[in-house]
Amino acid sequence: MLDIKLIRESPKLVKANLAKRGSPEVLQMLDDLIAVDRQWRLNLTNLNDLRHQRKQVTIEIAKLKKAGNDAVSQMEKAKAIDAQISTIEKQVVEEEQKTRDYLMQLPNLLDDTVPLGKDSNDNVQIKTWGTIPQLSFPIKNHIDLSLGLDLIDMERAGKIAGSRFFYLKNQAALLDLALMSFAIEELTKKGYTPILPPYFMKREAYEGVTALADFGDVLYKVENEDLYLIATSEHPMAAMYMNEVLKEPDMPLKLAGLSTCFRKEAGAHGKDTRGIFRTHQFNKIEQFIFCKPEDSARLHEELLQNAEELLQKIELPYRVVNVCTGDIGTVAAKKYDIEAWMPAQNGYREIVSCSNCTDYQARRLNIRYREKDGAPTKGFPHTLNSTAIATGRTIVAILENNQQEDGTINIPNALRKYMLGIEKIDKKR
RNA sequence: GCCGGGAUGGCAGAGUGGUUAACGCGCGGGCCUUGAGAGCCCGUGGAUCAUCCGGUCCGCAUGGGUUCGAAUCCCAUUCCCGGCGCCA
């Protein structure tokens with residue numbers, strides 16, 4: 001959520017920034033917001049005047065009654081004012097609601113370093129790491145590889161749950177667990193607090209962390225309950241301190257969340273339909289930070305660095321892109337994606353997403369911070385999030401990058417200790 | 001799920017139908033001091049209007065209701081504590 005005061009004071013600045021997103025609807029919304037906010041403040045002043053008058057009448061009535069006098073005419077006056085109040089109150093409530101609706105829909109302000117662009121093709125590559133494997137034999141994709149090794153069963157998952165679900169079996173199941181243990185251990189060593197969050201959130205909390213469109217496109221809702229399945233542990237971590245005030249000595253607050261993630265993938269029809277690259281359910285370790293505004297740019301780089309280190313340790317070639325204005329999404333002010341090399345697709349595919357959300361989520365969630373106990377609040381902290389490891393896509397990358405001519409797969413050295421010392425996935429078990 | 005108790009500022013905690021959220025702690029500022037502390041004085045929820053002085057409204061978990069008037073009475077909801085039940 002943007003700061004309404006900033007919008008009032010510097011509408012031109014806000015407008016110029018939002019214009020970079022290339023959406024006429026957003027600019028229209030901003031204009032509408034400014035208009036309704038102006039009207040709201042006008043009506044609020046009127047309403048307060050009426051309430052003041054009403055109070056005076058109440059006082060008069062009390063005096064009259066105390067003195068044992070008749071207060072009929074005052075009572076009638078009170079009624080007349082009440083009628084006016086209720087009319088104008090309706091308008092004020094409506095205007096307030098509209099203001100809030102607009103504020104909840106407007107996207108975050110973009111950082112100056114975000115490249116201008118229309119879609120993901122305009123993302124700017126800022127580095128590459130690792131060597132793309134030169135395979136001297138026909139490359140298999142992760143689906144064919146796993147069929148030969150009995151690692152994934154899509155068919156039976158389809159039978160019981162539908163498309164985009166899967167059973168992980170044998171060494172693939174171990175590999176999923178290994179990736180989680182690996183990521184949690186590495187982040188914990190760096191001082192991140194390991195977190196296993198609730199997998200469900202109420203609407204009120206969820207609205208604080210994500211774009212409203214996600215309620216239709218991404219989130220599964222529990223029938224007859226005010227509960228949504230989480231799409232990432234970023235969400236319960238961000239909402240964890242809703243309506244609270246953090247203390248500066250506790251910041252930056254660094255968390256490492258581990259959860260299964262549930263996503264409807266609405267609108268992804270036809271994309272990545274086979275295999276486990278894009279699924280309704282996957283496991284992910286996520287980094288999350290609450291920090292002082294002045295620290296967020298630096299910590300954004302730290303999160304990226306951490307994510308890169310994990311990929312380097314498991315020896316996956318990747319590149320980093322600075323996500324452009326047309327591809328960045330509602331909540332982020334700046335976002336890096338890491339894309340791992342996927343041999344079967346002969347290209348880089350997103351495997352990590354690393355965002356600085358500035359104060360956008362904190363303002364929605366009403367999370368503030370203060371210097372110390374008793375001191376006045378200083379404002380809203382910044383929030384940042386980044387994938388550490390998303391197991392599904394990482395497994396795809398490991399299978400495809402580490403495949404051998406005989407159909408076996410080498411396990412990266414860093415993961416072996418987390419999966420019974422297995423060095424190589426060969427033969428069916 | 002049932003029964004009972006509870007929710008008031010950053011914290012602790014009064015107020016239990018009459019206009020002003022007591023007192024304290026913490027925090028900020030000032031006086032004093034070589035400095036710090038102690039002591040003393042002032043301030044310390046939010047929104048909005050006003051160039052300034054300042055004004056108005058809202059705020060006692062949330063949403064409704066009763067009343068001229070609600071932190072206070074009534075109803076519903078949420079969460080917390082205790083007891084019972086169910087349960088991996």
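Note that the structure is a prediction, hence the values are computed from the model and not measured. First the proteins, then the strands, lettered A, B, ... as listed; each starts at 1. Note: hydrogens, waters and symmetry copies are ignored here, and every other heavy atom, side chains too, is used.
Distance CG (A:Asn43) to C1' (B:C49): 14 Å, rounded to an integer number of Å. Per the geometry, CD belonging to A:Gln53 stands 12 Å off C1' belonging to B:U56, to the nearest Å. A:Gln56 places its CD atom 12 Å from the C1' atom of B:C57, with the value rounded to the nearest Å. Regarding A:Lys5, its NZ atom lies at a distance of 10 Å from the P atom of B:C49, rounded to whole Å. To the nearest angstrom, C1' of B:C49 lies 15 Å from CZ of A:Arg38. The distance between atom CD of A:Glu204 and atom C1' of B:U78, rounded to the nearest whole Å, is 10 Å. If you take CG of A:Asp226 and P of B:U77, they are 15 Å apart, rounded to a whole angstrom. Here the C1' atom of nucleotide B:A47 and the CG atom of A:Asn366 are 14 Å apart, to the nearest Å.
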Polar pairs (N or O, both sides) under 3.5 Å between protein and nucleotides 7-10 of chain B?
from  : atom 1 : to       : atom 2 : distance (Å)
B:G10 : O4'    : A:Arg370 : NH2    : 2.8

Please write out the pairs of protein N or O atoms and N or O atoms of nucleotides 70-76 of chain B separated by less than 3.5 Å, giving the distance to one decimal.
none

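Using a 4.0 Å heavy-atom criterion, one finds that A:Thr45 contacts the sugar-phosphate atoms exclusively. Using a 4.0 Å heavy-atom distance criterion, A:Leu44 is classed as a sugar-phosphate-only contact. Residue contacts shown for A:Lys55 are limited to sugar-phosphate atoms, with no base heavy atom under 4.0 Å away. A:Lys77 comes within 4.0 angstrom of nothing in the nucleic acid, heavy atoms only.
Look at A:Lys372 and you won't find any side-chain N or O under 4.0 angstrom from OP1 or OP2 of B:C11.
Going from the C1' atom of B:U16 to that of B:A22 covers 15 Å, rounded to whole Å. Taking the C1' atoms as reference points, B:U77 lies 49 Å from B:C40, given to the whole Å. Annotation: B:A21 and B:G10 have their P atoms spaced 16 Å apart (nearest Å). The separation of B:A71 from B:C57, taken at their P atoms, amounts to 14 Å, rounded to a whole angstrom. The same atom, P, is picked in B:U48 and in B:C41; the two are 35 Å apart, to the nearest Å. Taking the P atoms as reference points, B:G59 lies 27 Å from B:U51, given to the whole Å. Nucleotides B:A14 and B:C32 place their P atoms 39 Å apart, quoted to the nearest Å. The separation of B:A70 from B:G83, taken at their C1' atoms, amounts to 33 Å, rounded to a whole angstrom.
Nucleotides of RNA chain B nearest to A:Val57 and A:Arg51 differ in position, and the one nearer the 5' end is that of A:Arg51. For the pair A:Leu47 and A:Lys202, nearest-nucleotide mapping onto RNA chain B gives the more 5' position to A:Leu47.
The aromatic ring centroids of A:His300 and A:Tyr336 lie less than 6.0 Å from each other.
The structure places CG of A:Leu2 at 6.0 Å from CG of A:Leu18, a figure rounded to the nearest 0.5 Å. In this structure, A:Met240 CE and A:Met201 CE are separated by 12.0 Å, a value rounded to the nearest 0.5 Å. Between the CD atom in A:Glu234 and the CG atom in A:Leu384 there is a gap of 10.0 Å [rounded to 0.5 Å].
A heavy atom lying under 4.0 Å from RNA chain B marks none of the residues of residues 78-106 of chain A.
Within a 6.0 Å radius of CZ in A:Arg8, more than 12 heavy atoms belonging to other residues, nucleotides or ligands are found. Atom NZ of A:Lys90 is surrounded by 12 or fewer heavy atoms from other residues, nucleotides or ligands within 6.0 Å.
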- Item | Intra- and inter-strand pairs of RNA chain B in dot-bracket (Watson-Crick or G-U wobble, both distances under 3.5 Å; | for another strand) | ((((((((.[[...)..(.....]]((((((.......))))))(((((....)))))..[[[[[..)....]]]]])))))))....
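For the ring pair (Phe, Tyr, Trp, His ring centres under 6.0 Å) with A:Tyr241, the qualifying choice from A:Phe288, A:Phe380, A:Phe290, A:Tyr369 is A:Phe290, the only one to do so.
Taking only side-chain atoms of A:Pro376, from C-beta outward, the nucleotide of B:A47, B:G18, B:C27 with the closest atom is B:C27. Here the side chain of A:Arg41 is nearest to one of B:U78, B:C49, B:C68, namely B:C49. Which of B:U56, B:U19, B:C68 sits closest to the side chain of A:Asn48 comes down to B:U56.
Between A:Thr87 and A:Gln91 the shortest side-chain heavy-atom distance falls below 4.5 Å. A:Thr193 places a side-chain heavy atom less than 4.5 Å from the side chain of A:Leu255.
The minimum heavy-atom distance between A:Leu174 and A:Leu420, with the atom names listed, is CD1-CD1, 3.8 Å. The heavy-atom pair separating A:Asp112 from A:Lys20 by the smallest distance is OD1-NZ, 4.1 Å.
With sequence neighbours left out, A:Arg364 forms a side-chain hydrogen bond (donor to acceptor under 3.5 Å, both in side chains) with A:Tyr360. For A:Lys118, there are no side-chain hydrogen bond (donor to acceptor under 3.5 Å, both in side chains) partners at least two apart in sequence or on another chain.
Salt bridge A:Asp295/A:Arg298: present, at least one basic N to carboxylate O contact under 4.0 Å. Looking at A:Lys284 and A:Glu286, a side-chain N of the basic residue comes within less than 4.0 Å of a carboxylate O on the acidic one, giving a salt bridge.
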- Message: Checking A:Ile276 against A:Phe282 for the side-chain contact (heavy atoms from CB on, under 4.5 Å) test, could you report, in this order, the C-alpha distance in whole Å, the side-chain angles of both residues, the deciding distance, and whether it holds?
- Response: CA-CA 9 Å; A:Ile276 62 166; A:Phe282 58 94; over 6 Å; no
